[in-house]
Amino acid sequence: MRDRFRSSLVGPRVPISQEGIQDMRKRLWIVVSALVIALAIIFFLVRGHRRSATVEAAPGPPAAQVAFVQRGDIDQVLTLAGQFQPYQVVDVHPKVSGFIRHIYVDIGDRVHEGQTLAVLEVPELKAQLSGTVSEVARSSDEIVRAQHEVKRAESMHSAVHADYDRLLQTSQAQPGLVAQQELDDAQAKDLSSSAEVDAAKAALAAAQKGMEVSKADNERVSAIEDYTNVTAPLDGVIIWRYADTGALIQSGVSSNSQDLPIVKLAQSGVMRLRLPIPESYVRYVHLGDTVNVRVDALGRSFTGTIVRFTRSLNFETRTMETEVDVANKDLAIDSGMYANAEMRLNHADNVLTIPVGAIVLHGDQDQVYVLDSSNRVHVRDVQVGLRGNQLAQIQSGLHPGDQVILAAQSKYAEGEAVTPVVEKTPASETAPQSGGMIDMNAGTSSPSGGE
């Protein structure tokens, strides 16, 4: 049963002859021979390719990273943090005590020099002013009276003096005609009238002096009355207001520190930026130098000028306080704002520059590895000037367009041929020397800060 089922699947068996078997062996031999020949051809082809690749990969001159000597600028800038302050801050006190009748300003108002800020009510000043006006009028009348008295005394003296002259001439012409007693009385009256003239003139001078005193007193009281109009001493901004209408304000002439001003006025058209200059950079501070000021709170930069410094170091911080004036015409900068300032320390303009990594110190001599026109290495002494963070100034020893090796100079020997790999490097650099900055974006969740 099993054989019958197998035969049904396989089918009937066909007998193979001896000739068929030999024919199959020949065909198999031909196929194997063809495969062997193909494998041999592939082997020789691969081996030849490897030989050619080995020939192409034969060793050549070593590669060297090089950079060109260029012309550029190197600036060293000191970055410092500072805080803005108003140019001036003034507590505005009245000159006299009184009640505030009107106050015209409030915090944040921008005022100009001479502008009325408040008006005081001082009733007793009116009476004093009226009294001084009356005193001036009285002094004027006294002067008129004294002037008339001088004229009267001069007229009397003229008449008496004429009588005395006539008697004297008669006595001289006819001696004994005029009694000596009569002549002496006439002379006495002449001298007396002359003295009355002098007295009248003195009274007139006294009246005139009295007039000056009365006018001075009137001007004093008038000035005090003018002080009831409290005006701004300078252009600025009201940063605080201490009193309202009806409040009693004491004059600012007393030494009582508890007397409150009417307002506090800040001159903010120009701001002071105070910077602590470290001791090692003090020698670079000069009056009139410009400073670049960045105010991160505003997202703006300003230009300031060094206008003053203390010329003295703080013993604890070893810094010198330096003030920079920054124009603030639009009042964008507020008092208390922080700023980062860049002060130019040293600079070299239009000089030969190379990367700092190209310089090798051999003893006390700076050297560089230079390639000639045949790409062979030569060690050359150079004189280095200003050094930045990335670039250095070359004062002598190199020329524009020379190629210098940037790194691993010890690998190369004098006269060795190399394959230069040119690295693109900047020609100029601004090298910051940090003296302390404020990062206004520190601690924020945003990965980007500033503009």
Side-chain angles (χ1 to χ4, degrees), residues 50-80 277-286 289-292 342-435 437:
R50 286 182 179 178
R51 286 182 179 177
S52 62
T54 302
V55 172
E56 291 178 358
Q65 292 183 338
V66 298
F68 287 104
V69 178
Q70 307 177 77
R71 283 199 172 273
D73 305 330
I74 299 179
D75 285 328
Q76 286 183 341
V77 295
L78 177 64
T79 56
L80 292 165
I277 306 297
E279 181 179 4
S280 56
Y281 300 114
V282 166
R283 67 184 185 275
Y284 296 111
V285 178
H286 303 288
D289 286 352
T290 58
V291 177
N292 184 37
E342 290 186 353
M343 186 179 72
R344 194 179 191 185
L345 299 177
N346 207 348
H347 63 93
D349 299 330
N350 193 28
V351 296
L352 297 181
T353 62
I354 62 172
V356 173
I359 301 173
V360 178
L361 183 62
H362 183 72
D364 295 332
Q365 178 62 52
D366 291 317
Q367 296 180 336
V368 295
Y369 284 59
V370 188
L371 302 187
D372 60 14
S373 58
S374 301
N375 292 332
R376 294 187 177 275
V377 178
H378 299 282
V379 182
R380 190 178 300 177
D381 295 340
V382 294
Q383 184 177 357
V384 180
L386 181 63
R387 293 177 185 259
N389 296 340
Q390 299 178 358
L391 299 178
Q393 174 194 2
I394 300 300
Q395 296 177 331
S396 64
L398 293 176
H399 300 89
D402 287 347
Q403 297 183 67
V404 295
I405 297 179
L406 294 178
Q409 288 88 341
S410 60
K411 293 169 45 178
Y412 308 101
E414 175 72 25
E416 180 181 1
V418 297
T419 301
V421 179
V422 179
E423 295 287 338
K424 187 176 181 180
T425 58
S428 301
E429 178 193 11
T430 298
Q433 311 295 316
S434 180
M437 293 183 64

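The figures that follow rest on heavy atoms only: side chains count, while hydrogens, waters and symmetry mates do not. Since the structure is predicted, the reported quantities are computational estimates derived from the model, not experimental observations.
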A.B. asks: For Asp366, what residues pass the side chain to side chain contact (heavy atoms under 4.5 Å, CB included) criterion, not counting sequence neighbours?
C.D. replies: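 Partners of Asp366 by the side chain to side chain contact (heavy atoms under 4.5 Å, CB included) criterion, ordered by chain and then number, come out as Ile359, Leu361, Val382, Val384, Arg387.
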
A.B. asks: Restricting to non-hydrogen atoms, name the atom on Pro420 and the atom on Leu371 that form the minimum distance, rounded to 0.1 Å.
C.D. replies: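 Result for this residue pair: CB-CD1, 3.8 Å.
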
A.B. asks: For the residue pair Asp402 and Arg380, establish whether any side-chain heavy-atom pair is separated by less than 4.5 Å.
C.D. replies: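 Counting from C-beta outward, Asp402 and Arg380 do come under 4.5 Å.
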
A.B. asks: Consider side chain to side chain contact (heavy atoms under 4.5 Å, CB included). Of Leu386, Asn389, Thr353, Asp75, which one does Glu429 pass it with?
C.D. replies: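 Output: one option passes, namely Asn389.
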
A.B. asks: How many angstroms lie between CG in Leu345 and CG in Leu78, if you round to the nearest 0.5 Å?
C.D. replies: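 Nearest 0.5 Å value for the CG-CG distance: 5.0 Å.
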
A.B. asks: For a 4.5 angstrom cut-off between non-hydrogen side-chain atoms, does Ile277 reach Leu80?
C.D. replies: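 Heavy-atom side-chain distance check passes, below 4.5 Å.
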
A.B. asks: Ignoring hydrogens, what is the shortest heavy-atom contact between Val377 and Ala413? Give both atom names and the distance.
C.D. replies: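 Taking every non-hydrogen atom into account, CB-O, 3.6 Å.
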
A.B. asks: Does His286, at its NE2 atom, have more than 12 non-hydrogen atoms belonging to other residues, nucleotides or ligands within less than 6.0 Å?
C.D. replies: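 Correct, the count exceeds 12.
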
A.B. asks: Does the side chain of Thr425 reach to within under 4.5 Å of the side chain of Gln70, using non-hydrogen atoms?
C.D. replies: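 They are in contact (side-chain heavy atoms under 4.5 Å apart), so the answer is yes.
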
A.B. asks: When rounded to the nearest 0.5 angstrom, what is the spacing between CD in Gln403 and CD1 in Ile354?
C.D. replies: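 Output value for this atom pair is 13.0 Å.
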
A.B. asks: Tell me, do Met343 and Asp289 make a side-chain contact under 4.5 Å, heavy atoms counted?
C.D. replies: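 Not touching, per the 4.5 Å side-chain cut-off.
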
A.B. asks: Test Gln390 against Val356 for side-chain contact (heavy atoms from CB on, under 4.5 Å), laying out the working first.
C.D. replies: CA-CA 6 Å; Gln390 299 178 358; Val356 173; 5.6 Å; no

A.B. asks: Do Asp73 and Arg344 pass the salt bridge (Lys or Arg N to Asp or Glu O under 4.0 Å) test, and can you show the C-alpha distance, the side-chain angles, and the key distance before you say yes or no?
C.D. replies: CA-CA 13 Å; Asp73 305 330; Arg344 194 179 191 185; over 6 Å; no

A.B. asks: Using side-chain heavy atoms (C-beta onward) and a distance below 4.5 Å, is Glu414 in contact with His378?
C.D. replies: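 Of all side-chain heavy-atom pairs linking His378 with Glu414, at least one is under 4.5 Å.
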
A.B. asks: Between Tyr412 and Ile405, is there a side-chain heavy-atom distance shorter than 4.5 Å?
C.D. replies: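 Side chain of Ile405 against side chain of Tyr412, heavy atoms only: contact under 4.5 Å found.
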
A.B. asks: Please give me the minimum heavy-atom distance between Gln409 and Tyr369, naming the atom from each residue.
C.D. replies: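 Result for this residue pair: O-CE2, 3.4 Å.
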
A.B. asks: Can a donor-acceptor pair be found, under 3.5 Å and without considering hydrogens, that links the side chain of Gln65 to the backbone of Ala407?
C.D. replies: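 Not confirmed, Gln65 side chain does not pair with Ala407 backbone.
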
A.B. asks: Can you give me the closest heavy-atom contact between Gly388 and Ala431, atom names plus distance?
C.D. replies: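 Closest approach of Gly388 to Ala431, heavy atoms only: CA-CB, 3.9 Å.
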
A.B. asks: When you compare the side chain of Arg71 with that of Leu352, does any pair of heavy atoms fall below 4.5 Å?
C.D. replies: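 Heavy-atom side-chain distance check passes, below 4.5 Å.
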
A.B. asks: Is there side-chain contact between Val404 and Leu398, with heavy atoms separated by less than 4.5 Å?
C.D. replies: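 Yes. Closest side-chain heavy atoms under 4.5 Å.
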
A.B. asks: For the backbone of Gly72 and the side chain of Ser428, can you confirm whether one donor and one acceptor N or O come within less than 3.5 Å of each other?
C.D. replies: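 Not confirmed, Ser428 side chain does not pair with Gly72 backbone.
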
A.B. asks: My understanding is that only one of Thr290, Thr79, Val291 makes a side chain to side chain contact (heavy atoms under 4.5 Å, CB included) with Glu342; could you say which?
C.D. replies: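 Checked Thr290, Thr79, Val291 against Glu342; only one passes side chain to side chain contact (heavy atoms under 4.5 Å, CB included): Thr79.
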
